[in-house]
Amino acid sequence: MLNIALPKGRLGEKVYSIFDSLGYGCPEINGDNRKLIFRNEENGVCYFWAKPSDVAIYVERGVADIGVAGKDLLLEYSPDVYELFDLNVGKCRMSVAGIKGSRPADDTTLRVATKFPNITKKYFRKQNREIEIIKLNGSIEIAPLLGLSDVIVDIVETGTTLRENNLEPYKDIIDISARLIANKANYKFKNGEIERLLSKMRESTAGKEC
Amino acid sequence: MKNYYELLRNDERYVLALRQLFEQYGYKRYKMSKFEEYDLYLENKSFLQSDRIITFSDPSTGKLLALKPDITLSIVKNGKGVTSSDKVYYCENVYRPCRGSDEIKEIMQTGLEYIGAVDLYAICEVIMLAVRSLETVSGDCIMGISHLGIVTGILEDTMLPDLKKNKLTKLIASKSTHEIRLFCSEENVPSDTAEKIERLAALYGSFEDVLPLVGETVYGTPAEGAYGELCDIFEALKATGKTERLRLDFSIMNDLSYYNGIIFQGFVDEIPFSILSGGSYDNLLRRFGRNTGAIGFAVYLDQLESYHRSAKDYDVDILLIYDEGAPLPLLAKHVDELTSSGKSVRVQRVDDGSVKYRERKIFSGGRVCDA
């Protein structure tokens, strides 16, 4: 039995459909209910929906053998897990963005609003730029508009939210997509099951990568 | 005779079993003081799992001392193995942050060190004892083994600076073959070398299955020498009869500035982290100006009580309730009789439901009777 943590929301649903197409379906999951844990003995899987930022915690602590988490969260929290596969879904990028047409001055401490302080620190340390991090939990885009920060570091998918708020990406930091992660101990004890799933994933995406 | 062993918690039983095992192979117990000069850790920060250390000033000398976060450094510093081969083991509390937390905790650590001329026999003995230590904790255990010489040998062909090689070792440690491919392409690593690194990261399995694949991967690279050593170790390990627990896994990593050669990590069922970690650390000895070898391992017992809980059916054999006017000397005499018969007895005024007992008795009218 493989215990799989999936991120609640659109990405999780997309990822579940990949698992389903590979023979790891659990029909109950599509039912109209508010359950969070679903088991299918026949296919040897038990899924549970977790908050996206918690998936890696469930996997790191072995409650889930494997899970799917965005690269952004893996970079931010650095959980001690295996990152086995790039599912190539939930693609977006982490960018530095700010008010359209304006560029913050280089001679002052840069105020950066973000949900991702660790990624931000690491990026600007490489630039040798002095920054002040303003940790926010949502609606990051309003920070430069209200003068709370000079720039933001956030996930950009299509850029629509930025455009509609008169913002633009200044610099892309890294490409993001959903990754298959595994607990390091459980990978060893359930190696056959995990490797079988992994090779099915590799086969199904072979040739599809752009 | 009372069986004192039954009183012990699981982790305490493991410590006893491990001590017995180590002594059976001639390892001598090494008892240390709880404190160490802070400088030792300052100079060897990256050897430690965390740089968070409890420090305090010694009132008599003014020197900055630390509660030990690690044992190996103290053993090496104190000159073990200077004159000849030394085999020591220890059971000590260390003070460092627990996994996934910033809070420093007292953690029981047991382990052994072999310092001196490390030959094939010494390596095999230490690996065998590590496997037997895992078996002490659980019959369902796995020991992952890597050889750092193979990893560094293959990385040598990338011609990258150390900083970038370190990045690659991190990617190997997370088995991220897709990231290795991307990184190698960004850094213009020759494609055949990049493929070898990817293959090495993905390899996992028994020596019988994986060793030939390692041989193919390292062919023609600077890792061939280390591969030969790994083959010799496997041949010698076969004699110990412990090879079925071993898995070759190059995702096991340790700091290259201290460790070299064979490294390993042990896992037992139901614990999602490694509980045993060890390997050859000749490089650490060189930092102390010693031109000799060393290999050892530590077993971390702090997680065992959380995951391998032993549910006790009863707290006591007898819960004895007495009332206000009970003649106390007579009560004490009855309690003494009951405990002398080997039973555990808890005496209290009322049964508040907080104690699990086999039998509940009442002391009333100068007699003990069933409730």
Can you tell me if Lys238(B) has over 12 outside heavy atoms packed within less than 6.0 Å of its NZ? yes
Value for OH (Tyr82(A)) from OG (Ser176(B)), rounded to nearest 0.5 Å, stands at 10.5 Å
Looking at Leu84(A), Val81(A), Leu180(A), which one has more heavy-atom pairs under 4.5 Å with chain B than the rest? Leu84(A)
Atom NZ of Lys165(B) with >12 non-hydrogen neighbours under 6.0 angstrom: yes
Say you draw a straight line from OG of Ser274(B) to NZ of Lys188(A); how long is it, rounded to the nearest 0.5 Å? 8.5 Å
Steps toward side chain to side chain contact (heavy atoms under 4.5 Å, CB included) verdict (Asp86(A), Arg181(B)): CA-CA 12 Å; Asp86(A) 183 351; Arg181(B) 200 175 317 147; over 6 Å; no
Has Leu36(A) got more than 12 heavy atoms of other residues, nucleotides or ligands less than 6.0 Å from its CG? yes
Over 12 non-hydrogen atoms of neighbours within 6.0 angstrom of CZ in Arg103(A): yes
Side chain to side chain, Leu198(A) and Lys175(B), heavy atoms closer than 4.5 Å: no
Separation of Ser78(A) OG from Lys170(B) NZ (nearest 0.5 Å): 9.0 Å
Glu186(B), CD atom: more than 12 neighbouring heavy atoms under 6.0 Å: yes
Does any part of the side chain of His178(B), heavy atoms only, come nearer than 4.5 Å to the side chain of Arg179(A), both counted from C-beta? yes
Can you tell me how far the OH atom of Tyr187(A) sits from the CG atom of Asp249(B), to the nearest 0.5 Å? 7.0 Å
Glu179(B) versus chain A, heavy atoms under 4.5 Å apart: side chain, backbone, both or neither? side chain
d(Phe189(A) CZ, Ile142(B) CD1) to nearest 0.5 Å is 4.5 Å
Whatever's closer than 4.5 Å to a heavy atom in chain B on Asp80(A) counts as side chain
Considering only heavy atoms, which portion of Asp140(B) lies under 4.5 Å from any heavy atom of chain A: side chain, backbone, both, or neither? both
Within a radius of less than 6.0 Å around NZ of Lys14(A), do more than 12 heavy atoms belonging to other residues, nucleotides or ligands occur? no
Taking atom CE of Met1(A) as the centre, report whether more than 12 heavy atoms of other residues, nucleotides or ligands fall under 6.0 Å from it. yes
Main-chain N/O of Glu83(A) paired with Ser174(B) side-chain donor or acceptor, under 3.5 Å: no
Got a second to check how far Asn186(A)'s CG is from Ile271(B)'s CD1, nearest 0.5 Å? 11.5 Å
Where do Asn191(A) and Tyr204(B) come nearest, in terms of heavy atoms and distance? ND2-CD2, 3.2 Å
Is the count of non-hydrogen atoms from other residues, nucleotides or ligands lying under 6.0 Å from Leu148(A) atom CG greater than 12? yes
Check each atom of Val59(A) against the heavy atoms of chain B and say whether the ones under 4.5 Å are side chain, backbone, both or neither. neither
